[in-house]
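Since the structure comes first, as structure tokens, the remarks are kept for the end.
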There are 2 protein chains.
Amino acid sequence: MHMRMTSQREIILKELQDSHQHLTADELYERVKKFMPRISLATVYRNLETLSEAGIIGKLEISGRQKRFDADVHPHDHIFCLQCQRVDNIEFDRNLVNPAAVASDKGYRITGYRVEFKGICSSCRNNQEKKRDGDEQ
Amino acid sequence: MHMRMTSQREIILKELQDSHQHLTADELYERVKKFMPRISLATVYRNLETLSEAGIIGKLEISGRQKRFDADVHPHDHIFCLQCQRVDNIEFDRNLVNPAAVASDKGYRITGYRVEFKGICSSCRNNQEKKRDGDEQ
DNA sequence: ACCCCTTATAATAATGATTATCAATTGTAA
DNA sequence: TTACAATTGATAATCATTATTATAAGGGGT
């Protein structure tokens, strides 16, 4: 598993780290273009895949929507906003879930699990309230 | 929310129920075609969406793969096979997870959560062993 | 049975996200 | 500096899903 740290790769990784967000490939593409105007979207996809295979970043595959990538690779869970699609980390005690307790079920060998919360984020809630107030006047 | 139970709708629902599986839209399409050869794939998608909106079936959106549908709507969690993509129910005590405990986090209003296990199912494990045995001879 | 109105259908085009292809370029190592 | 493998940019292809649209049913009410 040798992988050259090319300049494209480096910039993509740095942008993701600096963002402190869970970005999609095309969001990252837009950001990275500022430094490398000739970079291709395919290169962004390819390198995000390579980096996540190498365990340098995480890949988030949340319920039926666009993949997002995460510079934070320590095991943790996420919450997403049903309205604006944003994804945030969530504090959740993963010790509460014991894979061994369900391991026998159906004969699977369990290799991992994730907990995915959904809801409405605070800024979308605020927007809704503003809109409601506006309607009422 | 009135919805006519058309014959297409009825057959799709019945096939899903009788399957006792978590089928994709195109798997269901193949099955339903045996009874309605002229049915369209779009009709299957449309009706699965309608039925799940009405709460008659469940829609499973599992980590970055094709949607699957579930005739069992009681709250429960799933496990999927990394190799063959099959999805099974999992026995998992949902009381272990307390949304209220994470609700304050980031100001989200949490409306739901799901726990998703992954692993290798027993038949894929068996196949691997068979293959390994074959290689060793 | 006939008309009206709404909803659903089949066929197919369009979309959006992602992956594959491939010729050209670059990095590295002998 | 030659030679090989990995990577890139450009773009085509793919896959799952949704949108479009003309046509066809499904129910009333008369």
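In what follows, chains carry the letters A, B, and so on, assigned in the order in which the sequence lines appear, proteins first and then strands, with residues in each chain numbered from 1.
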| query | Does any N or O in the side chain of A/Arg125 come within less than 3.5 Å of the main-chain N or O of B/Gly107, such that one atom is a donor and the other an acceptor? | reply | yes

| task | Go through the structure and list residues passing salt bridge (Lys or Arg N to Asp or Glu O under 4.0 Å) with B/Asp70, not counting sequence neighbours. | result | none

| Are side-chain N/O atoms of A/His78 and A/Asp88 paired as donor and acceptor at under 3.5 Å? | no

| task | Ignoring hydrogens and angles, tell me if any N or O in the side chain of B/Arg94 forms a donor-acceptor pair with the backbone of B/Tyr113 under 3.5 Å. | result | yes

| Does the pair B/Lys59/B/Glu53 count as a salt bridge with the N-to-O cut at 4.0 Å? | no

| said: Using the side-chain contact (heavy atoms from CB on, under 4.5 Å) criterion, which residues pair with B/Thr24? Sequence neighbours excluded. | reply: B/Asp26, B/Glu27, B/Gln66, B/Arg68

| remark: Outer limits of DNA chain D sitting under 4.0 Å from a non-hydrogen atom of chain A, read 5' to 3', are D/dA6 to D/dT11

| query | Which one of A/Gln17, A/Arg9, A/Glu10, A/Glu15 satisfies the side-chain contact (heavy atoms from CB on, under 4.5 Å) criterion with A/Leu13? | reply | A/Gln17

| Can you give one letter per nucleotide of nucleotides 9-20 of chain C, going 5' to 3': B for a protein heavy atom under 4.0 Å from the base, S for sugar-phosphate only, - for none? | BBBB----SBBB

Between the protein and nucleotides 27-30 of chain C, which nitrogen or oxygen pairs are less than 3.5 angstrom apart?
none

| Are the side chain of A/Arg114 and the backbone of A/Glu61 linked by a donor-acceptor contact shorter than 3.5 Å? | yes

| message | Taking salt bridge (charged side-chain N to carboxylate O under 4.0 Å, His left out) as the cut-off, I'd like each qualifying pair that reaches into residues 31-42 of chain B, sequence neighbours left out, listed once. | response | B/Glu30-B/Lys33

| query | Would you call B/Met3 and B/Ile56 a side-chain contact if the rule is heavy atoms closer than 4.5 Å? | reply | yes

